[in-house]
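A note on names: the letters A, B, ... follow the listed sequences, proteins ahead of strands, and every chain is numbered from 1.
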There are 2 protein chains.
Amino acid sequence: MFSKSCEYAIKAVIHLCIETKDGSRLSIAEIAEAIDSPEPFTAKILQTLVRHDIISSAKGPGGGFYIDHHSKPVFVIEIIDVIDGKHAFERCGLGLKECNEKRPCPIHNEFASYSRKLKRLLETKTIQDLAKGIISGKAFLSNT
Amino acid sequence: MFSKSCEYAIKAVIHLCIETKDGSRLSIAEIAEAIDSPEPFTAKILQTLVRHDIISSAKGPGGGFYIDHHSKPVFVIEIIDVIDGKHAFERCGLGLKECNEKRPCPIHNEFASYSRKLKRLLETKTIQDLAKGIISGKAFLSNT
DNA sequence: AGAATAAAGGATGCAATTATCCTTTTTTAA
DNA sequence: TTAAAAAAGGATAATTGCATCCTTTATTCT
Ligand code: FES
Ligand code: FES
């Protein structure tokens, strides 16, 4: 469904959303630990998210990553767009070069209906929404 | 969503279903051409499908691949199980080691509901159903 | 029987994704 | 003003999925 990078990205932003509400910062190591991801690889992904203004970072002692809670909420789709690229949802389920109504594959109708709904969901859900599940103890970012 | 192998497999079986209704056979080259896939790679996939009795093959002159139209219809999920493995639908959307209700990720509920529906669809749709779309000219197996 | 045809199978190559390493830059604090 | 902390960035490595090649085996036809 999503690339590994994208999975880590979503989890990282959820974690940051929860842990940096108070203005504190988290290091790469702390984030990687929490979301059970390889540290240097996670670093790359965080860099990308910073470059696209989805999260913020500060260098030096006491620095780290955080999300600015005065700015507007982050829609899950924004992260997907940045990491996996827009068009992630416009691909044919059977791998035709392009998915379109004019020349669709045999599963296009059913398939496109599902992926449209899923996309709609990710366009309306925010990271802040997902964070609630973690805070309430009903959802988790790792399982071992 | 599916692996490339699986996409080729589904398209190949649909094509065979249509073109070998009359008892004729198709060579690897003919199939690869029709579904726009790399020939040797397609050969491997077809071999796997034969080993799992989803399609049949005959060696030697006049030989090739075909599907036996006296046997029962092929559900799309059967191909997915054989190529991508069962459990293809049991993976966590955010990459947790396992997707379960006890310790779900934050998107589990919405996500699992969609993938359950999609799985249900693929469990009930047959290749023969999908072939109808091609025969009626409403759907296609390649687009260039 | 021999030649040609076509799939089966094993070994290998290639490329993208995933992951790691190392150096540089920025910032803080002693 | 030096040392330490921490992210940024560039280069490199490992893994996996995708793809190809080549030899073998089975079948058909002459
Ligand atoms: S053409 Fe295949 S999903 Fe749209
Ligand atoms: S735990 Fe993530 S989808 Fe079920």
Report task. Name all pairs fulfilling the ring pair (Phe, Tyr, Trp, His ring centres under 6.0 Å) condition that reach into residues 29-75 of chain B, sequence neighbours left out, sorted by first residue then second. Result -> B/Tyr8-B/Phe41

Query raised in the report: Can you pull the ring pair (Phe, Tyr, Trp, His ring centres under 6.0 Å) pairs that have at least one residue in residues 122-144 of chain A, sequence neighbours excluded?
Result: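 Listed once each, the pairs would be none.
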
Query raised in the report: Should the pair A/Phe2 and A/Phe89 be assigned to parallel (<30°), tilted (30 to 60°) or perpendicular (>60°) ring geometry?
Result: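 The arrangement is perpendicular - the two ring planes meet at more than 60°.
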
Requested in this report: Check every strand shown and say whether B/Ile45 touches a base, only sugar-phosphate, or nothing at a heavy-atom separation below 4.0 Å.
Outcome: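 No contact at all - B/Ile45 keeps every heavy atom at 4.0 Å or more from the nucleic acid.
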
Query raised in the report: What does B/Leu26 touch in the nucleic acid at a heavy-atom separation under 4.0 angstrom: a base, only the sugar-phosphate, or nothing?
Result: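 Since only primed, P, OP1 and OP2 atoms lie under 4.0 Å of B/Leu26, the category is sugar-phosphate.
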
What residues form a salt bridge (charged side-chain N to carboxylate O under 4.0 Å, His left out) with [X], not counting sequence neighbours?
| X | answer |
| --- | --- |
| A/Asp84 | none |
| A/Lys132 | A/Asp129 |
| B/Lys97 | A/Asp36 |
| B/Glu110 | A/Lys125 |

Which whole-number value in Å describes the distance from [X] [atom1] to [N] [atom2]?
| X | N | atom1 | atom2 | answer |
| --- | --- | --- | --- | --- |
| A/Phe65 | C/dT27 | CZ | C1' | 14 Å |
| A/Phe41 | D/dA7 | CZ | P | 18 Å |
| A/Asp36 | C/dT18 | CG | P | 16 Å |
| B/Glu30 | C/dT5 | CD | P | 14 Å |
| B/Ile31 | C/dA8 | CD1 | C1' | 14 Å |
| B/Asp53 | C/dA8 | CG | C1' | 15 Å |
| B/Ile83 | D/dT16 | CD1 | C1' | 17 Å |
| A/Ile28 | D/dA5 | CD1 | P | 15 Å |

Query raised in the report: Is the phosphate of D/dA8, meaning OP1 or OP2, less than 4.0 Å from a side-chain N or O of A/Arg51?
Result: no

Query raised in the report: Taking OP1 and OP2 of C/dA8, is either one under 4.0 Å from a side-chain nitrogen or oxygen of B/Ser57?
Result: yes

Report summary line: Test side chain to side chain contact (heavy atoms under 4.5 Å, CB included), reference A/Ile127, set A/Ile54, A/Ile18, A/Val74, A/Ile55, output is A/Val74

Report summary line: Residue pair B/Ala58/B/Pro38 against DNA chain D: nearer the 5' end by closest nucleotide is B/Pro38

Report task. Kindly check if the number of other-residue, nucleotide or ligand heavy atoms within 6.0 Å of CD (B/Gln128) is above 12? Result ->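 Above 12, so yes.
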
Requested in this report: May I ask you to list the residues of residues 1-22 of chain A, by number, that have any heavy atom positioned under 4.0 Å from an atom of DNA chain C?
Outcome: A/Ser3, A/Lys4, A/Ser5, A/Tyr8

**Report entry** Nearest-neighbour nucleotide for the B/Pro61 side chain, D/dA5, D/dT28, D/dC18 considered
**Finding:** D/dT28

Report task. List in chain and number order the residues that pass side-chain hydrogen bond (donor to acceptor under 3.5 Å, both in side chains) with A/Lys4, two or more places apart in sequence or in another chain; answer none if no residue qualifies. Result ->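 Residues passing side-chain hydrogen bond (donor to acceptor under 3.5 Å, both in side chains) with A/Lys4: A/Glu7.
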
What nitrogen or oxygen pairs link the protein and nucleotides 21-25 of chain D at under 3.5 Å?
{"residue": "D/dT25", "atom": "O2", "partner": "B/Lys59", "partner atom": "NZ", "Å": "3.4"}

Requested in this report: Specify the residue among B/Gly60 and A/Gly62 whose closest nucleotide of DNA chain C lies further upstream toward the 5′ end.
Outcome: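 Final value for this comparison: B/Gly60.
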
**Report entry** Which residue lies more 5' along DNA chain C, comparing A/Glu39 with B/Ser27 via nearest heavy atoms
**Finding:** B/Ser27

